[in-house]
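Report on one structure; see the data block that follows.
Keep in mind it's a predicted model, so treat the numbers as computed, not measured. Scope of the values below: all heavy atoms of this structure, side chains included, with no hydrogens, waters or symmetry mates.
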Amino acid sequence: MKPEHKKKNSTIFLYSLLLILIITIMILAGFSQKSSQTENSIQWLSENRELQFTRSSFAYTKKFISQMPQSDDELMMEFPIKPIFPERPRFSVLFHIYNRFNDEQIVVGQWNTTLVILNSDDYSNKKREPKIYISLEQDRTIRFITIKSDNSGTSVYIDGELKGENKNLK
């Protein structure tokens with residue numbers, strides 16, 4: 001055998017071995033993720049008719065809050081929030097309620113230092129659909145947010161004080 005041929009075969013063998021090693025490492029690393037949260041920590045508080053979420057919780061129901069009377073078109077959400085202000089501006093969804101039967105939704109998110117409430121997927125505001133924007137104070141203290149939405153519009157309160165409303169956001 002010529003030395004060139006041996007060198008070519010040994011190079012192919014080394015590349016194949018390296019590829020197998022990389023694939024093995026990727027598979028093992030994929031199965032051993034320790035930092036991700038795998039527990040859904042949602043609770044139903046029946047005495048208050050409330051859903052309590054913690055961290056990355058997820059709820060799916062066939063009918064949203066089945067104990068609600070059919071004639072009641074009001075939705076009220078209350079939650080504490082301690083804002084985190086990212087170094088680079090980005091939109092982070094705090095929570096999202098979506099009705100897959102009629103495509104109605106409400107999204108509460110944070111854009112940089114602003115709390116944003118919308119009922120569409122117009123995150124970039126290109127469609128100019130109704131939204132509420134509320135500036136969050138930079139002191140990073142816990143704030144208590146209340147959002148009330150009904151047929152007459154949506155109102156947002158921070159620590160009991162009305163901070164924003166939009167009659168077209170229903």
Roughly how far apart are L115 CG and I158 CD1, rounded to 0.5 Å?
-> 6.0 Å

Given side chain to side chain contact (heavy atoms under 4.5 Å, CB included), test L136 with Q110 step by step and report yes or no.
-> CA-CA 9 Å; L136 297 170; Q110 181 180 336; 4.0 Å; yes

Decide salt bridge (charged side-chain N to carboxylate O under 4.0 Å, His left out) for K131 and E129; before the verdict, give the C-alpha distance in whole Å, the side-chain angles of both, and the deciding distance to 0.1 Å.
-> CA-CA 6 Å; K131 294 173 190 60; E129 295 192 16; over 6 Å; no

When every non-hydrogen atom of D150 is compared with those of S152, the smallest separation belongs to OD1-OG, 2.6 Å

Gap between atom CD1 of I134 and atom OG1 of T113 - 0.5 Å precision | 12.5 Å

If Ile, Leu, Val, Met, Phe, Trp and Tyr residues are connected whenever their side-chain heavy atoms lie under 4.5 Å apart, and connections chain through other members, are V116 and V93 in the same group?
-> yes

Value rounded to 0.5 Å, distance of OH in Y133 from CG in L118 = 7.5 Å

Would Y157 end up clustered with L169 when hydrophobic side chains under 4.5 Å apart are linked, directly or stepwise?
-> no

To the nearest 0.5 Å, atom CD1 of I23 lies from atom CG of L18 at 10.0 Å

Determine, using the 4.5 Å side-chain heavy-atom cutoff (strictly less than), whether I145 and L162 are members of one ILVMFWY cluster.
-> no

Once you round to the nearest 0.5 Å, how far does CG of D159 lie from OG1 of T146?
-> 9.0 Å

Distance in Å, I147 CD1 paired with E78 CD, rounded so as to fall on 0.5 Å steps | 10.0 Å

Shortest non-hydrogen pair, P130 vs N166, comes out as CB-ND2, 3.9 Å

Is there a chain of hydrophobic side chains (I, L, V, M, F, W, Y, each step under 4.5 Å between heavy atoms) that links F79 to I106?
-> yes

